[in-house]
Amino acid sequence: MGFARTCSVALVGVEGVVVEVQADLEPGVAAFTLVGLPDKSLSESRDRVRAAVVNSGADWPQKKLTVGLSPASVPKGGSGFDLAVAAAVLGAAERIDPRAIADLVLIGELGLDGRVRPVRGILPAVLAAADAGYRQVVVPEQTAGEAALVPGVSVLGVRSLRQLIAVLTDEPVPAEEPVEEGRPDAMLAGLLVPGAGIGTGLASDPTDPAGGPDLADVAGQHRARRALEVAAAGSHHLLLSGPPGAGKTMLAERLPGILPPLTRQESLEVTAVHSVAGILPPGEPLVHRAPYCAPHHSATMQSLVGGGNGLPRPGAVSLAHRGILFLDEAPEFSGKALDALRQPLESGHVVIARAAGVVRLPARFLLALAANPCPCGRHSLQGAGCECPASLVRRYQARLSGPLLDRVDLRVEVEPVTRADLLGQGDRGESSATVAARVREARARAAARLSDTPWTVNSEIPGHELRTRYLAAPGALAAAERDIERGLLTARGLDRVLRVAWTVADLAGHDRPDSQDIALALELRTGITRGVPVGAGERA
């Protein structure tokens with residue numbers, strides 16, 4: 001009889017659970033049994049592992065073989081257990097020393113020829129192994145850079161099972177050809193989330209300061225540009241409404257360019273989500289810039305909040321974690337999909353319950369919505385010939401429900417660009433770099449003020465704290481109190497006005513919000529002009 005054990009990691013959402021992989025050989029009819037709640041793809045590893053071991057030059061044991069995955073109560077899926085199963089089998093057959101693999105964590109898929117192929121979720125898997133006290137991991141060579149992001153862990157990247165056997169037995173390591181760009185295993189990082197539905201996508205170009213869209217390209221739209229600056233400085237949700245061609249999408253695409261770079265902790269959070277989704281760019285193991293996710297309006301509820309067969313995978317709200325989720329033509333999205341955003345907008349995470357289990361995924365994003373005033377888009381233009389009946393206009397605008405809009409801090413009417421601005425006769429707007437510098441300064445002020453709290457930006461401050469700890473200047477709330485009496489503001493709306501006012505104050509360098517800061521926050525919230533001027537530098 002022979003027995004060996006090693007470890008791998010099962011992913012539940014973006015959290016990992018260390019799994020002990022045990023292999024037991026007994027006399028009897030040759031058979032391979034895999035137990036421990038495996039799914040279909042994991043059950044098929046029996047054939048992959050057998051072929052990989054044989055094609056790597058090792059003998060397959062002709063005995064009764066049982067492989068157990070513990071804890072058995074945790075659902076396990078995917079092909080990432082192949083490498084650990086193969087090592088446990090070889091240890092039980094005494095082809096390698098069982099003691100050499102007892103404290104290893106092995107993650108990787110095996111091809112029938114013994115090549116080790118990359119899998120999704122390497123970063124969260126290695127993070128889970130490090131938290132459990134393991135200090136040595138073996139991963140596919142293509143994902144070694146991603147695994148090396150975890151401090152205190154020794155990473156071995158291998159190209160084949162043959163190489164792993166040689167390392168564990170102190171034999172000369174055979175040379176293997178590296179994976180070439182464009183081959184199936186190198187293209188894995190370009191795949192989208194399976195089962196997530198049509199329209200889920202990730203764009204990184206808008207965050208590239210060298211070649212991404214620049215705010216200087218936007219003609220006019222000074223009030224909308226100021227709203228973008230406030231949204232970026234305080235991570236406030238934004239609605240841009242106006243006729244087609246006014247520049248709503250153009251403005252939203254430039255929002256990532258004024259966001260500050262991610263902190264180290266934020267980068268690890270975002271990279272972990274993208275690793276599980278399988279969309280990390282090749283050669284870039286760590287995401288440094290805020291993600292920008294813009295699903296098509298045909299996207300389903302599952303594609304937005306997460307879904308798929310078995311345990312749910314990240315949806316657009318999680319792919320946009322610490323970044324921007326932009327919904328163009330927002331009223332064209334289904335009502336179910338839009339209302340499903342309400343919970344993650346409040347909590348910063350999404351909890352998805354399925355028959356296979358419950359998954360909690362991070363979803364702290366800045367929501368940017370763009371909407372036309374009516375189906376034809378000309379309702380707000382005088383003399384433009386809108387033929388939409390009043391009832392149709394009401395139904396169209398009601399597709400963005402009241403509870404959803406109540407969670408949107410900034411609501412801006414984007415008017416058509418004037419002839420003077422379009423022909424370059426007006427003041428040229430500031431560049432993204434100039435605005436981004438002010439945003440960084442405002443965030444630094446907020447971070448210093450919130451340094452002893454669990455919050456990092458103004459949009460995260462609870463309402464109770466805003467009314468008791470972070471008070472506005474005396475008399476500054478008079479206009480907000482009148483709006484509450486007139487029914488223009490709800491209790492949640494007042495909290496959001498106060499958050500925006502603090503961001504406006506940070507941008508202006510004020511110690512706390514004054515009446516002008518509150519007036520601008522109310523104007524951006526209610527759309528009612530308060531006579532707040534737009535400065536030449538667009539400083540709020």
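With salt bridges taken as basic N to acidic carboxylate O contacts below 4.0 Å, one links E430 and R438.
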Can K63 and L65 be said to form a side chain to side chain contact (heavy atoms under 4.5 Å, CB included), step by step?
CA-CA 6 Å; K63 296 181 179 180; L65 170 63; over 6 Å; no
What verdict does the side chain to side chain contact (heavy atoms under 4.5 Å, CB included) test give for V358 and V351, after you've listed the backbone C-alpha separation in whole Å, the side-chain angles of each residue and the deciding distance to 0.1 Å?
CA-CA 7 Å; V358 178; V351 178; 3.6 Å; yes
Apply salt bridge (charged side-chain N to carboxylate O under 4.0 Å, His left out) to residues E146 and R120 and explain how you reach the verdict.
CA-CA 11 Å; E146 183 182 343; R120 297 182 179 93; over 6 Å; no
For side chain to side chain contact (heavy atoms under 4.5 Å, CB included), just list the numbers for L327 and L341, CA-CA rounded to whole Å, side-chain angles, deciding distance to a tenth of an Å, and then say yes or no.
CA-CA 11 Å; L327 303 185; L341 300 175; 3.7 Å; yes
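Judged by distance alone, with hydrogens and angles left aside, the side-chain atoms of E229 form no donor-acceptor pair with the main-chain N or O of V439 at under 3.5 Å.
Annotation: side-chain contact (heavy atoms from CB on, under 4.5 Å) contacts of K336 (sequence neighbours excluded): M301, S334. Contacts of R46 classified as salt bridge (Lys or Arg N to Asp or Glu O under 4.0 Å), with partners at least two apart in sequence or in another chain: none. Remark: T249 pairs with D328 by the side-chain hydrogen bond (donor to acceptor under 3.5 Å, both in side chains) rule, at least two apart or across chains. Remark: S459 engages no residue in a side-chain hydrogen bond (donor to acceptor under 3.5 Å, both in side chains) (not counting sequence neighbours). Checked against side-chain hydrogen bond (donor to acceptor under 3.5 Å, both in side chains), S235 has no partners two or more places apart in sequence or in another chain. Taking the side-chain hydrogen bond (donor to acceptor under 3.5 Å, both in side chains) definition, one finds that R5 meets it with E20, sequence neighbours left out. For D217, the salt bridge (Lys or Arg N to Asp or Glu O under 4.0 Å) partners are R254, not counting sequence neighbours. D452 pairs by the salt bridge (Lys or Arg N to Asp or Glu O under 4.0 Å) definition with R469, not counting sequence neighbours.
For residues 271-280, no residue pair satisfies the salt bridge (Lys or Arg N to Asp or Glu O under 4.0 Å) rule, not counting sequence neighbours. Within the structure, every pair that satisfies the ring pair (Phe, Tyr, Trp, His ring centres under 6.0 Å) test and touches residues 46-86, not counting sequence neighbours, is listed here: F32-W60. Evaluation of the salt bridge (Lys or Arg N to Asp or Glu O under 4.0 Å) test over residues 79-92, restricted to residues two or more places apart or in two chains, returns R48-D82.
Atom CD of E15 has 12 or fewer heavy atoms from other residues, nucleotides or ligands within 6.0 Å.
For the side chain to side chain donor-acceptor pair (under 3.5 Å) with H349, the qualifying choice from R360, H321, R364 is R360, the only one to do so.
With contacts defined as side-chain heavy-atom distances shorter than 4.5 Å, the pair S275/P124 qualifies. Residues P362 and E269 are not in side-chain contact: their nearest non-hydrogen atoms beyond the backbone lie 4.5 Å or more apart.
Note: H237 and F365 have tilted aromatic rings, judged against thresholds of 30 and 60 degrees for the angle between ring planes.
Between S8 atom OG and L42 atom CG the span is 9.0 Å, to the nearest 0.5 Å. Summarising the geometry, atom CG belonging to D214 is positioned 4.0 Å from atom OG belonging to S432; distances are rounded to the nearest 0.5 Å.
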Can you give me every donor-acceptor pair (side chain of residues 96-104, partner residue at least two apart or in another chain, under 3.5 Å) with its distance?
{"unit_1": "D97", "atom_1": "OD1", "unit_2": "R99", "atom_2": "N", "d": "3.0"}
{"unit_1": "D97", "atom_1": "OD1", "unit_2": "R99", "atom_2": "NE", "d": "3.4"}
{"unit_1": "D97", "atom_1": "OD2", "unit_2": "R99", "atom_2": "NE", "d": "3.3"}
{"unit_1": "D97", "atom_1": "OD2", "unit_2": "R99", "atom_2": "NH2", "d": "3.1"}

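Closest non-hydrogen pair, L164 versus L83, comes out as CD2-CD1, 3.9 Å.
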